[in-house]
2 protein chains.
Amino acid sequence: MAARTAVKEPSAAARRAPVRDTPKQDGRRRVVIEGIAPEVDGGRFPAKRTVGDMVRVEADVFTDGHDAVAAMLLYRKAGSKTWLETRMQALVNDRWFGEFPVAELGRYQFTVHGWVDHWETWRRDLLKRIQANGDTDLDYLMGAELIEAGATRAKESDADWLREQARQLRTETDTTARRTRAVDASLHDMMIRYPERHLATELDRELTIVVDPVRARFSSWYEFFPRSASPDPTRHGTFADCEARLPYIAELGFDVVYLPPIHPIGTTFRKGPNNSVTAEPGDTGSPWAIGAPEGGHKAIHPQLGTLDDFRRFVKRATEFGMQVALDIAFQVSPDHPYVREHEEWFRKRPDGTIQYAENPPKKYQDIYPFDFETPKWFELWQELKSVFTFWIEQGVRIFRVDNPHTKAFPFWQWCIGEIKSQWPEVLFLSEAFTRPKIMYRLAKLGFSQSYTYFPWRNAKAELTSYLTELTTPPVRDFFRANQWPNTPDILTEFLQLDTRAAFMIRFLLAATLGANYGIYGPAFELMEARPVRRGSEEYLDSEKYQIRQWDLARPDSLRELIGLVNRIRKENPALQNDWTLAFHPVDNEQLICYSKRSPDGSNLILVVVNLDPHHRQSGFVDLPLNQFDIEGDRSYQANDLLTGARYLWTGSRNYVELDPSSIPAHIFRIRKRLRVESDFEYFL
Amino acid sequence: MAARTAVKEPSAAARRAPVRDTPKQDGRRRVVIEGIAPEVDGGRFPAKRTVGDMVRVEADVFTDGHDAVAAMLLYRKAGSKTWLETRMQALVNDRWFGEFPVAELGRYQFTVHGWVDHWETWRRDLLKRIQANGDTDLDYLMGAELIEAGATRAKESDADWLREQARQLRTETDTTARRTRAVDASLHDMMIRYPERHLATELDRELTIVVDPVRARFSSWYEFFPRSASPDPTRHGTFADCEARLPYIAELGFDVVYLPPIHPIGTTFRKGPNNSVTAEPGDTGSPWAIGAPEGGHKAIHPQLGTLDDFRRFVKRATEFGMQVALDIAFQVSPDHPYVREHEEWFRKRPDGTIQYAENPPKKYQDIYPFDFETPKWFELWQELKSVFTFWIEQGVRIFRVDNPHTKAFPFWQWCIGEIKSQWPEVLFLSEAFTRPKIMYRLAKLGFSQSYTYFPWRNAKAELTSYLTELTTPPVRDFFRANQWPNTPDILTEFLQLDTRAAFMIRFLLAATLGANYGIYGPAFELMEARPVRRGSEEYLDSEKYQIRQWDLARPDSLRELIGLVNRIRKENPALQNDWTLAFHPVDNEQLICYSKRSPDGSNLILVVVNLDPHHRQSGFVDLPLNQFDIEGDRSYQANDLLTGARYLWTGSRNYVELDPSSIPAHIFRIRKRLRVESDFEYFL
């Protein structure tokens with residue numbers, strides 16, 4: 001511990017003064033509202049939802065003593081001055097919930113009010129007294145007073161009706177009639193419409209929901225290198241070649257086509273094949289070494305085509321129901337125009353040269369990072385933002401951001417906020433393979449989706465604990481996983497096992513654990529498994545540094561399985577969200593079993609995967625039938641959507657057996673009920 | 001869900017505007033500070049500590065990219081304008097910690113600053129380069145620039161020294177000498193003293209610690225009814241009798257003597273023995289029916305004595321090392337002077353009468369609650385506060401507050417804040433046997449200690465989960481448990497088993513699980529076990545409604561065991577805190593095993609309790625020797641402080657056997673190390 005020294009008062013930290021003397025608030029606001037959800041870091045960041053969702057809000061609402069309380073959920077589209085309201089309902093243990101729909105893209109706000117409900121208290125107590133035959137005249141006079149007070153808050157016609165109710169309650173002499181009148185449901189409904197709220201507690205903050213397109217929650221990504229798309233091995237691929245590739249990708253069932261950077265590539269310190277330090281003439285270089293005399297982040301690599309070609313490609317993808325995602329990598333090659341035009345955006349070394357990227361002792365002299373501490377930081381921010389707006393103007397709405405964790409956090413919060421305020425449909429995928437708190441912070445700052453540690457989670461326990469973390473609060477409210485079995489940077493050791501089963505296993509896990517998932521193809525469907533060297537996760541002859549040719553028609557391709565699974569994903573709403581993911585016990589460590597349900601519960605998918613790519617594995621799965629709404633003594637169907645096989649199961653324990661030499665997984669649609677005799681007409 | 005209706009903009013909820021256009025902050029503040037601890041409800045409430053504690057602060061501190069970061073913990077006594085600082089240290093996973101001492105009663109504040117540490121980044125990278133033999137002139141020039149910049153922040157003599165270091169680094173030509181100079185520890189120390197902080201991130205809030213007397217953390221309470229203290233069965237007890245009782249209580253080892261209300265008792269609707277609805281002449285009534293013509297909350301029951309008698313009793317207790325705790329019950333009998341003088345503090349019914357306490361259909365006509373919704377609420381608050389100040393002026397510093405959950409929450413926050421700003425040594429025990437969130441809220445609002453559900457937690461699993469909840473964050477930061485096996489309201493079913501073992505078990509659990517605990521005596525040590533009727537937790541012939549005589553000298557009294565355990569508590573710092581509580585497996589559900597340690601780890605207490613009051617139970621306890629700093633292959637001592645027996649144990653699994661017919665528990669002091677031959681002088 002270093003020595004302690006006195007310093008000046010810090011300017012930024014606002015002093016939270018202790019309560020003293022006269023209270024500033026009306027001390028009669030007796031209701032407490034706390035433990036609100038969804039809330040990200042105490043309301044500092046918005047929670048995320050998608051269009052059409054019902055947002056479920058929960059809060060602890062209670063007061064002193066025995067009085068009844070009422071709680072109201074208030075919500076509005078950001079920018080609207082008008083709050084809408086919906087009554088919250090009590091759960092257990094002082095927990096309340098309410099829901100509101102988010103039908104539009106953009107930001108919503110919500111808050112909660114709560115108050116002591118004297119009417120409800122009176123009515124509840126009266127019912128108890130009536131039951132004990134202990135109600136007295138006084139009780140009804142009190143009720144009449146409450147009703148008359150309600151009338152003062154009601155609109156005229158309702159007020160008249162309420163006053164009449166009060167009058168009759170005061171004058172009614174028949175015990176039964178008076179009791180009936182006092183607890184009458186229509187009187188209660190009317191009183192609930194005009195609650196006494198002048199001592200209501202209002203939550204001290206408003207919370208924000210960012211509403212994204214449904215694709216933020218459910219998407220299937222296919223990444224490929226445009227320059228490898230040429231059918232002619234002697235020719236650099238073009239956007240026209242990419243267009244020709246679209247039917248193939250559509251047939252595979254993907255809906256996001258993601259291209260690595262499409263910009264001019266620098267020549268200074270260009271890397272050769274397999275990341276060799278020197279490039280030979282003709283070597284194509286890395287698309288992430290962005291910028292050349294032809295242009296930078298807003299230019300297109302001349303050999304790929306023109307901006308017109310690109311726009312046509314984007315439009316053509318749309319016709320296939322797909323969106324194009326662009327890779328935005330905020331770094332430059334030494335040849336990027338920024339280096340000439342905005343020297344001040346880069347860090348200078350004492351000898352006047354620009355600081356290249358380094359991870360000592362490794363040097364990346366082909367890459368200059370931006371200096372986010374430059375005095376011209378806001379100019380830099382504005383220029384980087386304009387890169388997004390430029391491509392948005394070309395029709396792009398999805399960006400995969402390269403290494404966002406090496407750019408200043410405040411930039412992302414500002415930039416994404418800016419972009420989404422104008423184009424709320426835009427999605428940002430964070431490619432931050434780094435420490436967990438940094439990944440989560442980027443998601444809080446605004447990224448719509450994020451890569452995860454999924455590539456390295458192989459064992460059942462690893463998958464279970466990590467996916468549970470991702471799909472439960474607090475993480476799921478701000479972080480949306482996008483699960484990739486491979487990327488151009490990641491050829492995992494599991495895939496290097498080089499078996500068809502290994503690829504199938506990782507694909508099936510990604511596509512069923514992740515409502516959002518993606519593959520880097522054609523390397524994936526063609527099961528490319530050779531690393532540049534033992535112990536490395538880099539591909540041999542990686543497309544990052546050279547053009548590759550792929551035989552898409554190879555008979556062993558996984559394209560049919562991929563197409564089938566993407567169809568299953570589209571047809572089953574259960575697989576279009578991650579929030580309902582639940583893991584179930586299997587008495588075999590190599591078998592993992594989990595289910596997902598559609599929000600309305602009607603679609604129930606049960607997945608069993610054999611994690612062992614080498615051996616047949618079998619075991620008993622143990623299902624929570626009560627959670628599945630299945631009666632324990634009735635049979636139900638488990639229909640395997642992969643093979644078409646139909647199983648008739650009874651009870652919670654059922655046998656499964658999976659052979660990696662055929663398909664290492666079941667994707668069951670569980671049909672909860674078999675028809676029995678009484679369902680048929682002749683039974684009647 | 002009720003219909004949604006549009007309402008006006010709420011006034012109180014401040015709109016959190018989304019980020020737009022020009023950022024308000026300098027965007028170069030690249031460091032993130034989040035996940036700070038201790039923090040109660042996002043900083044809305046203070047965390048609690050006791051005098052002499054080191055407050056351990058943790059936070060996630062990180063930045064983008066690969067730069068090193070530094071973090072500083074700032075703290076001060078509330079009211080001081082000067083912050084003290086101490087450097088935080090990195091743990092793992094971007095977590096940092098720092099500590100500061102709280103040597104005085106009252107409030108402290110702390111916050112955290114973090115910044116990108118360019119010096120540390122340079123030095124770390126240089127070390128890597130040197131190791132790879134890749135350091136260049138340029139690296140040293142950069143270092144020299146950083147040192148020169150440091151000199152501009154340093155005081156003159158240090159600045160000169162730094163400038164000289166920079167000059168030598170620029171001019172040194174010998175590789176080895178230059179390397180040595182650059183990474184020199186004294187240079188590093190000097191640079192750390194003058195960090196570049198102008199782009200530091202400052203946590204956006206200050207957090208508060210309330211520092212209480214040590215007794216808030218470690219206390220042993222003894223409750224008794226003064227009116228039953230008379231040795232003469234025909235006479236009402238007096239404070240003089242209470243004085244005479246003090247040596248007995250001191251011998252038992254308690255340090256807080258808690259008296260039920262000592263005020264005049266109302267006669268209107270007075271309750272008779274066993275809570276009968278009508279009192280006979282001579283019936284004493286309940287001390288909680290406060291107020292009579294003789295006075296109210298600031299008066300003393302005439303039969304107990306005078307204010308002078310009371311003050312003498314308080315002083316005498318102090319001489320025994322004990323403090324007197326008074327019961328403050330904010331409710332009145334119909335005869336209380338407030339009813340005449342402040343009718344407006346009570347709720348009126350339509351017939352003009354005052355609303356008595358009710359839990360329909362039950363009526364408590366001897367009690368009037370205050371109406372915290374009265375327009376005169378602040379007058380009421382001030383008067384209630386003055387009750388505390390009155391007794392503080394008589395020497396009382398501890399208050400046990402009766403049913404605080406039936407008084408408005410804002411009142412407690414204000415009242416306790418007010419009192420403690422003037423008398424920070426005052427402690428408040430919350431008697432809120434109610435729903436969990438309400439109990440926790442009261443603790444957040446300022447109560448120093450709280451009763452708990454301990455009386456009803458009997459099984460091992462119940463005790464383990466509940467005590468774990470109480471002794472881990474977030475609860476332990478604001479809620480201090482005070483564990484009671486019985487109270488005048490609670491004669492549990494377990495105690496009604498009416499065996500000596502049952503009382504011993506509950507006492508030993510309370511006194512070792514709870515650094516704060518208490519008993520209601522002499523009912524407890526004399527094992528009073530008769531309920532008023534089957535299924536009730538009320539005592540038969542409860543002292544709440546009548547005077548009782550107790551034979552303190554009864555040979556079967558538990559007084560010796562209680563005295564012994566209180567001595568063990570005083571002699572073993574491990575038992576003076578709850579934060580180190582850890583449960584350990586035993587292969588017998590009737591045996592519970594747990595340990596506590598002193599903050600410095602030197603004192604280690606291991607407790608095993610037989611939860612079965614009827615049968616001898618045995619089993620193997622499984623101890624985490626690595627956490628205990630015990631080498632697995634060396635023997636260690638387990639000395640039973642209850643019986644004096646000494647056991648020699650080896651390894652993590654050890655046999656225990658407990659017979660409820662003798663003592664149903666072990667309280668072991670674990671001595672980590674036995675002497676071996678090399679410890680003795682003749683070995684040398």
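Lettering of chains follows the sequences in order, A, B, ..., and the numbering in each one begins at 1.
- A salt bridge is defined here as a Lys NZ or Arg NE, NH1 or NH2 lying under 4.0 Å from an Asp or Glu carboxylate O, and B/Asp94 with A/Arg435 meets this definition.
- By the neighbour-count criterion of 12 heavy atoms within 6.0 Å, atom CD of B/Gln355 is densely surrounded, having more than that number from other residues, nucleotides or ligands.
- Heavy atoms closer than 4.5 Å to chain A are found in the side chain of B/Asp41, but not in its backbone.
- Between chain A and the options B/Asp189, B/Leu138, B/Leu442, B/Leu207, the largest number of non-hydrogen pairs under 4.5 Å is found for B/Leu138.
- Separating the OG1 atom in A/Thr434 from the CZ atom in B/Phe62 is a distance of 9.5 Å, to the nearest 0.5 Å.
- Proximity to chain B is absent for every atom of A/Gln422, based on heavy atoms less than 4.5 angstrom apart.
- Looking only at heavy-atom pairs under 4.5 Å with chain A, the residue among B/Met72, B/Arg193, B/His118 that has the most is B/His118.
- By the salt bridge (charged side-chain N to carboxylate O under 4.0 Å, His left out) test, B/Arg441 pairs with A/Glu34, sequence neighbours left out.
- Contacts of B/Arg170 with chain A are absent, with no heavy-atom separation under 4.5 Å from either backbone or side chain.
- Ranking A/Lys128, A/Arg30, A/Glu373 against chain B, the residue ahead of the rest is A/Glu373, based on heavy-atom pairs under 4.5 Å.
- Both the backbone and the side chain of B/Lys437 have a heavy atom closer than 4.5 Å to some heavy atom of chain A.
- Residue B/Asp125 touches chain A through both its backbone and its side chain, counting heavy-atom pairs closer than 4.5 Å.
- Heavy atoms of A/Arg29 lying under 4.5 Å from chain B belong exclusively to its backbone.
- Ranked by heavy-atom pairs under 4.5 Å with chain B, the list A/Ala408, A/Pro436, A/Pro361 is led by A/Ala408.
- Your options are B/Arg349, B/Arg28, B/Arg129, and the one with the most heavy-atom pairs under 4.5 Å with chain A is B/Arg28.
- For chain A, the option among B/Leu199, B/Val116, B/Thr374, B/Leu126 with the highest count of heavy-atom pairs below 4.5 Å is B/Thr374.
- Looking at A/His66 and B/Glu358, their side chains never bring a donor and an acceptor atom within 3.5 Å of each other.
- Looking at B/Asn133, there are no atoms closer than 4.5 Å to chain A (heavy atoms on both sides), in backbone or side chain.
- For chain B, the nearby parts of A/Asp26 are the backbone and the side chain; heavy atoms of each come within less than 4.5 Å.
- With chain B as the partner, the residue from A/Pro410, A/Gly65, A/Pro350 showing the most heavy-atom pairs under 4.5 Å is A/Pro350.
- How far CZ of B/Phe372 is from OG1 of A/Thr63: 11.0 Å, rounded to the nearest 0.5 Å.
- Heavy-atom distances place no part of A/Lys362 under 4.5 Å from chain B, backbone and side chain included.
- Residues B/Asp204 and A/Arg44 form a side-chain contact, since some pair of their non-hydrogen atoms from C-beta on lies under 4.5 Å apart.
- Between B/Gln25 and A/Trp377, the closest heavy-atom pair is O-CH2, 3.7 Å.
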